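Here is the structure we will look at, set down as structure tokens.
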Amino acid sequence: MTAWLLLVGAILSEVTATLSLRGALDHPALYVVVVVGYVTTFVLLAQVLRRGMGLGVAYGLWGASGVVLTAGASAVLFGESLTALTISGFVLIAAGVAVVELGAQSARRAEATPPGSRGETELAAELGGEVGGPLEAERGASVRGIVGGGER
């Protein structure tokens, strides 16, 4: 849970720094917010990674959320336009982030499964065949041989 809160902090810090960069064009004192914001962002992101969140997940969520939040906030704060195409892009970004997170969860479950605890049938199904089926002969090795650690 702490990693997720740190990631939210990194995202908000990055968005604040990026919006301040745009604002600093008119108010140069905001460059201080830009520097502090980006430094804070990377410190928090490093802490997220230190707590075990995968780089692909952390960076994907950070980057995608930053893009969506920055574009939305810049439309409100600076009058930048949001078109139907832009909003469609936001939806695609959200879908991509969801797929990355699902993939990461699947990988964590697979890593948590002790070696040898899956049976031959499950392994064969994952490989797209069946135990003793034509897929084994085609590959030149049997799933039983792989699971058992030897050849037939």
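Keep in mind that this is a model prediction, so the values were computed, not measured. Heads up: numbering here begins at 1 and tracks the sequence. As a basis for the values below, the full set of heavy atoms in this structure was taken, side chains included, without hydrogen atoms, waters or symmetry mates.
- S20 and V34 get closest at one heavy-atom pair: C-CG2, 3.6 Å.
- For L102, the CG atom is densely surrounded, since the number of other residues' heavy atoms within 6.0 Å is greater than 12.
- Clustering ILVMFWY residues whenever any of their side-chain heavy atoms sit less than 4.5 angstrom apart, transitively, puts L69 in the very cluster that holds L77.
- Summarising the local packing, OH of Y38 is surrounded by more than 12 heavy atoms from other residues, nucleotides or ligands at distances under 6.0 Å.
- Taking each heavy atom of L7 and A58 in turn, the nearest pair found is CD1-O, 3.8 Å.
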Acceptor/donor pairs from residues 39-52 side chains to any protein atom, 3.5 angstrom cut, sequence neighbours excluded:
from, atom 1, to, atom 2, distance (Å)
T40, OG1, V36, O, 2.7
T41, OG1, S13, OG, 3.1
T41, OG1, E14, N, 3.0
T41, OG1, G37, O, 2.7
Q47, OE1, R51, NH1, 2.9

Mind running side-chain contact (heavy atoms from CB on, under 4.5 Å) on T86 and F90 for me, showing each step along the way? CA-CA 6 Å; T86 304; F90 293 166; 3.7 Å; yes
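- Taking every heavy atom of both residues into account, V100 and G56 meet most closely at CG1-O, 4.0 Å.
- When the side chains of ILVMFWY residues are joined at heavy-atom separations under 4.5 Å, either directly or via intervening members, L25 and L21 end up in a single hydrophobic cluster.
- At a threshold of 4.5 Å between side-chain heavy atoms, the hydrophobic network of Ile, Leu, Val, Met, Phe, Trp and Tyr places L12 and L30 in two separate groups.
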Hey, can you pull the donor-acceptor pairs under 3.5 Å for the side chains in residues 60-68, sequence neighbours left out?
from, atom 1, to, atom 2, distance (Å)
S65, OG, L61, O, 2.7

